[in-house]
Participant: 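Can you read through this structure? Questions will come right after.
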Amino acid sequence: MENNLPVQTNFIREIINEDIKNNKNDGRVQTRFPPEPNGYLHIGHAKSICLNFGIARDYRGLCNLRFDDTNPIKEDIEYVESIIEDVRWLGFDWDDRLYYASDYFEKMYELAIQLIKKGKAYVDSSTSEEIKNQKGTPTEAGVHSPYRERSIEENLKLFEGMKSGKYEDGTHTLRAKIDMSSPNMHLRDPVIYRIKRATHHRTEDKWCIYPMYDYAHPISDWIEGITHSICTLEFEIHRPLYDWFLIELCLPNRPQQIEFARLNLSYTVMSKRKLLELVEEKHVSGWDDPRMPTISGLRRRGYTPESIRNFADKIGVSKRDSMTDVALLEYSIREDLNKRVQRVMAVLNPLKITITNYPDDKTEELDAINNPEDPSAGKRVLFFSKEIFIECEDFLENPPKKYHRLFPGGEVRLKYAYIIKCNEVVKDDSGEITELRCTYDPETRSGTCSTRKVKGTIHWISADNSIEAEVRLYDRLFITEDPLADPEKDFKEFLNPESLKILNTCRLEKGLTGSKPGDKFQFERQGYFCVDPLSNDKRLVFNRTAALRDSWAKLEKSL
RNA sequence: UCUCGGGUCGUCUAAUGGCAGGACAGCGGCCUUUGGAGCCGUUAGUGGAGGUUCGAAUCCUCCCCUGAGAACCA
């Protein structure tokens, strides 16, 4: 490898190390990420992308992006565009190696003819129902199709007819002739070509027949010179078939299929079908809803590519089914954003405070540190005046023990400003607190040699020098760790009714005016937020990426 | 039921016959003008029973648990 830094390892890299040692493939390493363009990419795909592109990078090999577009009914150009965008956003590059399985249809067709000529494939005219019945069950052998012994000439003629559109969809298939009594159902004469007189998003109406995954995949891998074909566990049982085609077709330098466990994340679902259900039934606003585990959802939520790549490194790769704690994903984004984003004052639920002993028309400029983790981020100015807002939750009329914030008669520090004391609570007719009347201690201005200390420090914002914004508080989409755990229940029963709270009267530092979609900040003491794509200069909208860890919340719970 | 996989702290993952380690979560402390971050400490694991061996998470046998498999889907 290119350096002697400890490179993270996993069972796949061990296999590759061994292959390199044995000079298999002349020491060459080539992988591929092969999505079907029938849906949006999610964090589970990100695991696979990081795995495949990461291996190529570390072994000075190549990783291709290949669309597995063998089913025109389900696939669409919309998906290929979003997939390209997402993989690129994650930070990976495939140079000019953007491929499509459909690029290889001609070669696949030729090879299918070879199989027929070898007597290893035949045209079956059974209906799909009949084929199903011939298959048998895992414990009972199947039976031969009545068409299994057609002559090579007849097969060739029929297959040609299938290709040229002579037959209706479903009337014939090409099947591999393997073993109807194999304990592996996939080896019981699998269908390798079916008639679909559909328009393909790339080849349009050129083809009336389309290859099945099991046939198309090994051949695509072989054509591209893939050395290690990495896929998820559910394809493990397909591996003998993957190898069978390559062996029967005498294709040299066979790629090796290696399977790993797909990612499952707690408090979410990952299958394309279920995500589609959430979108179609409007439980979320779309594929890029910030609560979705899709790449586009995470991006809109404020996740960075780095945080996702780091997450992928942290979870590792193995063959056991697992459920990764979403807390690890959340940790990854906090870890990244903590180091890089600017802190800013933002009051989500404003409570007005009047500083009774502060001059009416005075405004002070105070220094605020942009990022304590990064001195190079510098400072900015905060304005202080007689009327300010603090967070509702930072005042309690009857505080519990260990509450460090404001309460009647209590004191708190306003970060970067002064210590204030609450003297009076103003309420409206319904008993709602509408205002706090406080006094400030002029001797305690931040940055002076004030020696007074108070337990709590809170964020605040000057009423005059602030702007209004909408803030969307996102939480986990589901209330249970595994919404699919109970097969009797629909996973949507476990949707978290509080996964989104919209706050409309938040007040932010004026400096945030003009923030652009994707801009990221830490709202002091609250969490990480980013500007939503639908935000504009008239109406700023922020999404909460992740809340800050809150040890008070934990303490409070235990009280 | 059959075939093929897989079982290591709560979770994810190392250890490839030689001290069961790391990360997240948890707990405790230090520090702190973010109840954040950071730092320190700490709890906690080899599914079970036999066997081989000086020595087993690792090799063998049996059992248990668990995932996948009977689409003209990928």
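Every chain is numbered from 1, with letters handed out A, B, ... down the list of sequences. Since we're looking at a predicted model, the values are computed, not measured.
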Participant: Tell me what E140(A) touches on the nucleic acid: a base, only sugar-phosphate, or nothing, going by heavy atoms under 4.0 Å.
Facilitator: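 Result for E140(A) = nothing.
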Participant: What does S446(A) touch in the nucleic acid at a heavy-atom separation under 4.0 angstrom: a base, only the sugar-phosphate, or nothing?
Facilitator: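 Answer is base: heavy atoms of S446(A) come under 4.0 Å of a base.
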Participant: For L548(A), which contact category applies under a 4.0 Å heavy-atom criterion: base, sugar-phosphate, or nothing?
Facilitator: base
Participant: Let's see if you get this right: which residues in residues 335-343 of chain A place a heavy atom under 4.0 Å from RNA chain B?
Facilitator: N338(A), R343(A)
Participant: Rounding to the closest angstrom, what is the interatomic distance between rA23(B) and rU42(B) at atom C1'?
Facilitator: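 Pairwise C1' distance, rA23(B) against rU42(B), rounds to 16 Å.
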Participant: Taking 5' to 3' order, which nucleotide of RNA chain B is first and which is last to have an atom within less than 4.0 Å of a heavy atom in chain A?
Facilitator: rU1(B) to rA74(B)
Participant: Which part of the nucleic acid, if any, lies within reach of D169(A) when heavy atoms closer than 4.0 Å are counted: base, sugar-phosphate only, or nothing?
Facilitator: nothing
Participant: Only one of F105(A), Y193(A), Y215(A) clears ring pair (Phe, Tyr, Trp, His ring centres under 6.0 Å) with Y210(A); which?
Facilitator: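 Among F105(A), Y193(A), Y215(A), the one meeting ring pair (Phe, Tyr, Trp, His ring centres under 6.0 Å) with Y210(A) is F105(A).
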Participant: Using a heavy-atom cut-off of 4.0 Å across all strands, would you classify Y193(A) as base, sugar-phosphate, or nothing?
Facilitator: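 Touches nothing.
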Participant: Using a cut-off of 4.0 Å on non-hydrogen atoms, how would the nucleic acid contact of Y210(A) be classed: base, sugar-phosphate, or nothing?
Facilitator: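 Nothing: the residue Y210(A), judged by heavy atoms under 4.0 Å, touches no strand.
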Participant: Applying a 4.0 Å non-hydrogen cut-off, can you work out what S128(A) is touching in the nucleic acid: base, sugar-phosphate, or nothing?
Facilitator: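 Counting heavy atoms under 4.0 Å across all strands, the contact made by S128(A) includes a base.
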Participant: Sticking with atom C1', work out how far rA74(B) lies from rU16(B), rounded to a whole angstrom.
Facilitator: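 Rounded to whole Å, the distance is 34 Å.
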Participant: Looking for any heavy atom pair under 4.0 Å, which part of the strands does E14(A) touch: base, sugar-phosphate only, or nothing?
Facilitator: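 If one applies the 4.0 Å heavy-atom cut-off, E14(A) turns out to touch a base.
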Participant: Looking at F529(A), is K520(A) sitting on its ring face, NZ or CZ under 6.0 Å from the six-membered ring centre and within 45 degrees of the normal?
Facilitator: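 Geometry flag: not set, cation outside 6.0 Å or 45°.
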Participant: When you compare rC72(B) with rG67(B), how far apart are their C1' atoms, in angstrom units rounded to a whole number?
Facilitator: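 Pairwise C1' distance, rC72(B) against rG67(B), rounds to 27 Å.
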Participant: Check whether NZ of the Lys or CZ of the Arg R476(A) lies under 6.0 Å from the centre of the six-membered ring of Y267(A) and within 45 degrees of that ring's axis.
Facilitator: yes
Participant: How far does the C1' atom of rG35(B) sit from the matching atom of rC30(B), given to the nearest Å?
Facilitator: 15 Å
Participant: Work out how far the P atom of rG47(B) is from that of rU13(B), and round it to whole angstrom.
Facilitator: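 My reading of the P atoms in rG47(B) and rU13(B) gives 14 Å.
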Participant: Taking for each residue the nucleotide of RNA chain B with the nearest heavy atom, is it M323(A) or H238(A) whose nucleotide lies nearer the 5' end?
Facilitator: M323(A)
Participant: When you compare rC9(B) with rG21(B), how far apart are their P atoms, in angstrom units rounded to a whole number?
Facilitator: 14 Å
Participant: In whole angstrom, give me the gap between the P atoms of rC59(B) and rA15(B).
Facilitator: 13 Å
Participant: Heavy atoms under 4.0 Å, any strand shown: does E36(A) hit a base, just sugar-phosphate, or nothing?
Facilitator: sugar-phosphate
Participant: Does the cation-pi check pass for R202(A) over Y100(A), that is, NZ or CZ under 6.0 Å from the six-membered ring centre and within 45° of its axis?
Facilitator: yes
Participant: Could you tell me if the ring centre of F523(A) sits under 6.0 Å from that of Y528(A)?
Facilitator: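 That pair fails the under 6.0 Å test.
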Participant: Which part of the nucleic acid, if any, lies within contact of N184(A), taking any heavy atom under 4.0 Å across all strands shown: a base, the sugar-phosphate backbone alone, or nothing?
Facilitator: nothing
Participant: For this output row, return yes or no: ring centroids of Y418(A) and Y440(A) closer than 6.0 angstrom.
Facilitator: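 They qualify: ring centres under 6.0 Å apart.
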Participant: Using a heavy-atom cut-off of 4.0 Å across all strands, would you classify V317(A) as base, sugar-phosphate, or nothing?
Facilitator: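 It contacts sugar-phosphate atoms only.
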Participant: Does any donor atom in the side chain of N371(A) or R343(A) lie under 3.5 Å from an acceptor atom in the other side chain?
Facilitator: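 Checked: N371(A)/R343(A) side chains pair up, N/O donor to acceptor below 3.5 Å.
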Participant: Taking the inter-plane angle between the rings of Y40(A) and W287(A) on a 0 to 90° scale, is it parallel (under 30°), tilted (30 to 60°) or perpendicular (over 60°)?
Facilitator: parallel
Participant: In dot-bracket form, 5' to 3', how is RNA chain B paired? Count Watson-Crick and G-U wobble pairs only if both distances fall under 3.5 Å, and write | where the partner sits on another strand.
Facilitator: .((((((..((((....[..)))).(((((.......)))))....(((((..]....))))))))))).....
Participant: Look at the rings of W552(A) and Y403(A) and say which category their plane angle falls in: under 30° parallel, 30 to 60° tilted, over 60° perpendicular.
Facilitator: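 Perpendicular, since the angle between the ring planes exceeds 60°.
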Participant: Between H217(A) and Y213(A), does the ring centroid distance fall short of 6.0 Å?
Facilitator: yes
Participant: Between R405(A) and T324(A), who's closer to the 5' end of RNA chain B by nearest nucleotide?
Facilitator: T324(A)
Participant: Under 4.0 Å, heavy atoms only, any strand: does F311(A) hit a base, just the sugar-phosphate, or nothing?
Facilitator: nothing
Participant: Under 4.0 Å, heavy atoms only, any strand: does T173(A) hit a base, just the sugar-phosphate, or nothing?
Facilitator: base
Participant: Pick the C1' atom in rG17(B) and in rC2(B), then give their distance to the nearest Å.
Facilitator: 35 Å
Participant: Examine Y122(A) together with Y147(A) and report whether their ring centres are nearer than 6.0 Å.
Facilitator: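 They do not qualify: ring centres at least 6.0 Å apart.
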Participant: Given S229(A), which partner from the list Q256(A), R32(A), Q257(A) fulfils the side-chain hydrogen bond (donor to acceptor under 3.5 Å, both in side chains) test?
Facilitator: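 Per the side-chain hydrogen bond (donor to acceptor under 3.5 Å, both in side chains) rule, the option paired with S229(A) is R32(A), out of Q256(A), R32(A), Q257(A).
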Participant: May I ask you to establish whether K415(A) and W460(A) are in a cation-pi arrangement, using a distance under 6.0 Å from NZ or CZ to the six-membered ring centre and at most 45° from the ring axis?
Facilitator: no
Participant: Which part of the nucleic acid does T70(A) contact within heavy-atom distance under 4.0 Å: base, sugar-phosphate only, or nothing?
Facilitator: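 If one applies the 4.0 Å heavy-atom cut-off, T70(A) turns out to touch the sugar-phosphate alone, with no base involved.
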